[in-house]
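Please read the structure below before turning to the comments.
Below, chains carry the letters A, B, ... as their sequence lines are ordered, and counting in each starts from 1.
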Amino acid sequence: MKKRYNDIITALLLVGAALFILLPLYMTILIAIKDPSDMNQVLSFPKLLRLENFADAWRMTKFPRKFFNTAFITVVNLGFTIITNSFVAYAITRNRKKSKFFGIMYYYFISAMFIPFCVIMLPLVVQANIFHLDNVMGITFLYVIFGLPMNTFIYSGAVKSIPIALDEAAKIDGANPLQIFWSVIFPVLKPTTATVAILSFMWTWNDFTMPLVLLSDETQQTLQLAQYVFKSQFSVNYNLAFASYVMVILPILVIYIFCQKWIMSGVVAGAVK
Amino acid sequence: MKKKKRGVEPIYYAGVGIMGVLFFLFHTISFLKGVFYSFTDWKGYGDWNFVGLRNYLQIFKDTDTISAYLFTFKFAIICTILVNIISLILACALNSNIRFKNFVKGVYFLPYMLGSVIVGFIFNFIFANLIPAVGQHLGIDALSTNLLGTTSAIWGIIFVTIWSGCAFNTLIYLSGLQSIDTDVYEAAALDGAKGLRKFTRITFPLLAPSFTINMVLAAKGYLMVYDQIMAMTDGGPGISTTSIAVLIYKKGFGGGQFSYQMANAVVLFIVVVAVSVFQLRVLEKREEKIG
Amino acid sequence: MRRKRVFGTLALVLGMTCLLVTGCGEKTKELELFSSKAENADSLQKLVDEFNTLHESEGVKVVLNTPADAGTILKTRLAKNDVPDIMSMGGDVNYTEVQSAGVLADLGQESYMSSIQASYQQMVYDVQKDKEEVAYGVPYATNASGVLYNVDKFEELGLEIPKTWDEFLSVIDTIEAAGEKPFEFTLKDKWTGLCPWNSMAPDLQPDGFTDARLANETTFADTHTEIAEKYLTLLDHAQADFMGTGYDDGNKAFANGEAVMMINGNWAISQFTNANTDFNVDMFAFPASNDPAKNYVTSGVDVLFCVNKDSKNLELAKEFVAFMMEPDHAKQYINEQFAFSAVEGVVQEDAKVDGVKEDIANGKVANFPDHYYPNGFDLAALLSQMSLNHTEGMDRGENIKQFLASCDEKYDISNVQ
């Protein structure tokens, strides 16, 4: 009885997944490999495989450059975010009771979480220009800074749960604050770091708004932005456009397939804190 | 190594200080500048004058802005509710003893990984080409036109938002469900609680923290809806799907209303803070009551 | 020891900041050509390539940048004070915005200026701030907006080119009687809704309306009822899903014979031929009035060039514009784009625009009325709203009244701002 009940749920879930989630993706891939003349039956299997779509889209969107930009932003941001933001959160959390400065900084960062991006969007464009941040390097730098409120919030929750005795033991062994942080605290923070890493990875890889307003130079654009910029040039050729989408989705998909469990538990850990 | 017991190492000041200064320089100054410009008539370049509260007063007279607020609220409320309901159902289903559990979970979380612009474009195609073709084939009138070109365009955007938004919320609920002690259920079973009653009396109250997180994050995110709309309807037909964020971007840059839209942005900021604080207070009170 | 580390960290973070802040200064002789049109990207690219080949030895490179939503992006560039070296755009409000920001070089002394048709240069002056008569922008290509029609279908149905509104209606009737769709509309892309408006308004609005409206001496409500009425009539003969069809999809459908006519401009023709190389298309002036003498071809400056006065490579930028203005290159451009040239002596000979060629040569043209509306007056959204109301079965008279009232309201708001 109970087993049958579970089988019904399984079946419903599978049908739902297939219909709502896999079907659109299946369609995307089909269109990407079809010939423009073969579009009357969108969901039918292609009469012939047209892999030139990928080659054409690759050339048209100048994929390698865009891919490099996006990968650079994502990876460099990840590195700097993890190192700087975790240390800031550690410094703040451990010293809040000792000095008012850290308490103030904590609330300063946290309260910034409530400022929607579109509020600072217009002046940021002006500000970024003054400091020449309207390029790949600049936007990476801004991501590190702008991720601070959320990451401080996530990290400080984790730091709180690490017993202070750990710090003190290391201190007695003669370690300086940086050594304590790096060799004692940072390893313990690993699960939280995974969360922060995933969240910032997803944020920077998929972000559209910030590149849209900041990166107008074509050589500096990201993959997501390129899809928008090339929308009008793909014109009616959906096959090229979808080939291009597939190329953007693919790296993420590969990462997802290999690190699925890790990603899911990371995201949950971040949000429940 | 003689130090005062409560002293703070300078490196901490340095680290936090530097990040604080940088944050101030790029985030806070941008914010303050925005607030400042909202009292001027600056166009984004060139000369400007102070105009006092003119921009703010204009907001209440401008039907475009008012309708953008109405759209944004309607959208945020519907999405927050639907996403939470659907996520909760999905989470309960995924939490039961099903087969291929990890595979199914993996599939449902997939949309979270995809960027909203591409998702928007893909569904744009589905709404414009695939569904009308199917509708015509089956002879169903309601399906044979592009939903995004009708007064119901908002539902197309809501659908896509739910499609990509449920993944995250489901995961949160799922982890909440998994943390519920099985003893509680056994005790409930002894008391004769079953089915829906079991859910409303036991499961749902215990999910309170997850519920709070989901409500607050969802509402905040949907009040700022932007990417999907840019990719799908560009705010149309008419201005029926123009959200506040879209309006700020389009008119702020494109329509020569930079400072006026800054005032609009400041109002949006106040709205978001108010909604978040309100939600937190109400939901936390509820959590306390249960706890 | 500890202090050293503090400084070390400080230096590291500061170094990172400085690196990021300054690490982007150096640039070779690369010039950016910013274009606001997607349709002419291929044609421009060919000419850009040619220019680059000519100047390869000097290390000069022009890079074409054609973003979607170009008008908005150009505004962010202005806000950033990051003006492209060369800009190619329409003679519309976007140009007015850039020009009034005072960032453009005066091109009046360039040698090609003498060969530019005065009427088109005047159109550029007309949209400049205070109608200043300084050549900040040089007209390059001009366009024609009207009714595009499927020549084969017209022959098949034995149709004549209509010269008056009544004839137009009977053409529509004949097409419908034959079981064909008269119009393909593409209102999912709001801007395409402006085309019928721009074609009808010059024929039907009172003389001097633009100036009178600006001075608040007249209103849309008093003068534009007939235009709105005819606009809705056109919609009655469009395909079922005219609100949900996008420009690209619509062009494809039209090129494949799914409708007989489309109200748009010459710039769409290259899209038709992309979708169907054998497509036989021509255009005629929109017969909005029953007085044939009043039915103008709507023609405006489709592409003009302007140059950033503070460009690091100002002379090269000017040289590029001069290169484009050379008759051979102007000819190549208009041939590929089915456009018309602002350069004297460069004539369009393609049969795909036969029907309007004569009117253009004779100057029976009117500029796009929306080029004279204030920036921020989003007429396309209002037209889209009216069309949407129409599909919802709203009462015609009520719909038109509401539409014209909001035209006046929004016009006044954007005129003040």
Side-chain angles (χ1 to χ4, degrees), chain A residues 6 9-10 12-14 17 20-22 24 27-28 42 84 87-88 91-92 95 98-99 101-102 105 108-109 112 114-124 126-127 142 145-146 148 177-178 202 205-206 208-209 224 227-228 231 238 241 245 248-249 252-253 256 260 264 267-268 271-272, chain B residues 6 8-9 11-13 15-16 19-20 22-23 26-27 29-31 33-34 37 93-94 96-100 104 106-111 113-118 121-122 125-126 129-130 133 163 168 171-172 175 213 224 226-227 245 248-249 252 258 261-262 265-266 268-269 272-273 276:
Chain A
N6 280 332
I9 294 181
T10 311
L12 282 176
L13 278 174
L14 283 174
F20 286 107
I21 294 173
L22 295 178
M27 181 203 78
T28 307
V42 175
T84 58
F87 182 72
V88 167
I92 286 178
N95 296 306
K98 296 182 195 163
S99 159
F101 171 74
F102 295 100
M105 290 311 276
Y108 172 52
F109 288 143
F114 287 103
I115 300 180
F117 180 71
C118 61
V119 176
I120 62 166
M121 177 163 72
L122 308 185
L124 177 68
V126 181
Q127 190 77 352
L142 287 175
I145 304 289
F146 284 13
L148 203 54
L178 276 182
M202 300 304 302
W205 185 276
N206 287 332
F208 164 66
T209 322
Q224 295 287 337
Q227 305 315 308
Y228 184 73
K231 182 173 69 170
Y238 287 114
Y245 304 157
V248 181
I249 295 175
I252 282 278
L253 228 48
Y256 181 60
Q260 194 208 103
M264 287 210 247
V267 170
V268 171
V272 179
Chain B
R6 305 236 88 186
V8 178
E9 305 273 354
I11 180 78
Y12 295 132
Y13 281 114
V16 176
M19 288 307 270
L22 290 176
F23 191 78
F26 292 102
H27 196 278
I29 287 200
S30 295
F31 176 65
K33 262 189 174 173
Y37 292 142
L94 288 169
S96 53
N97 195 13
I98 56 164
R99 279 187 249 175
F100 322 111
V104 178
V107 172
Y108 277 101
F109 191 64
L110 195 56
M113 310 296 293
L114 310 177
S116 48
V117 175
I118 291 181
F121 285 159
I122 291 174
F125 179 87
I126 293 179
N129 302 68
L130 187 63
W163 190 83
F168 181 79
L171 211 58
I172 306 292
S175 80
I213 296 166
M224 294 186 265
Y226 177 83
D227 305 11
I248 290 173
Y249 174 74
F258 191 97
Q261 293 306 335
M262 274 322 307
V266 172
L268 176 65
F269 162 66
V272 169
V273 170
S276 300

- Heavy-atom pair count under 4.5 Å with chain A, highest-scoring of Gly34(B), Pro111(B), Ser30(B), Ser116(B): Ser30(B)

- Query: Does any heavy atom of chain A fall under 4.5 Å from the side chain of Tyr226(B), the backbone, both, or neither of them?
  - Reply: side chain

- Task: Working to the nearest 0.5 Å, report the span between OH of Tyr108(A) and CD1 of Ile92(A).
- Result: 11.0 Å

- Determine yes or no for a side-chain-to-main-chain donor-acceptor pair under 3.5 angstrom, with Asn206(A) supplying the side chain and Met113(B) the backbone. yes

- Item | Region of Phe101(A) in contact with chain B, defined by heavy-atom distances below 4.5 Å | side chain

- So which heavy atom on Ala245(B) is nearest to which on Met224(B), and how close? CB-O, 3.8 Å

- Task: Name the region of Ile122(B), side chain, backbone, both or neither, that has any atom closer than 4.5 Å to a heavy atom of chain A.
- Result: both

- Query: Among Phe117(A), Tyr256(A), Phe102(A), who wins on heavy-atom pairs under 4.5 Å with chain B?
  - Reply: Tyr256(A)

- Contacting moiety of Ile21(A), where chain B heavy atoms sit under 4.5 Å: both

- Most contacts with chain B, counted as non-hydrogen pairs under 4.5 angstrom, among Leu14(A), Asn95(A), Leu124(A): Asn95(A)

- Query: Among Ala112(A), Ala17(A), Ser99(A), which residue forms the greatest number of heavy-atom pairs with chain B at distances under 4.5 Å?
  - Reply: Ala17(A)

- Item | CD1 on Ile248(B) to CE on Met121(A), rounded to 0.5 Å | 6.5 Å

- Among the options Asp227(B), Leu268(B), Val266(B), pick out the one with the most heavy-atom pairs lying under 4.5 Å from chain A. Asp227(B)

- Hey, are the side chains of Leu178(A) and Phe87(A) touching, using non-hydrogen atoms and a 4.5 Å cut-off? yes

- chain B: which of Leu13(A), Val88(A), Ile252(A) shares the most heavy-atom pairs with it under 4.5 Å? Leu13(A)

- Item | Flag side-chain contact, heavy atom, 4.5 Å: Leu114(B) against Tyr245(A) | no

- Task: Determine the minimum heavy-atom distance between Phe109(A) and Gly20(B), stating which atoms define it.
- Result: CZ-CA, 3.8 Å

- Message: Between Tyr228(A) and chain B, with a heavy-atom cut-off of 4.5 Å, which part of the residue counts as in contact: side chain, backbone, both or neither?
- Response: both

- Message: Counting only non-hydrogen atoms closer than 4.5 Å, does Ile29(B) touch chain A with its backbone (N, CA, C, O), its side chain (CB onward), both, or neither?
- Response: side chain

- Message: For Ala265(B) versus Val119(A), what's the shortest heavy-atom pair and its separation?
- Response: O-CG2, 3.2 Å

- Just wondering, do Phe100(B) and Val107(B) contact through their side chains at under 4.5 Å, heavy atoms? no

- Side chain, backbone, both or neither: which part of Ile115(A) has an atom under 4.5 Å from a heavy atom of chain B? both

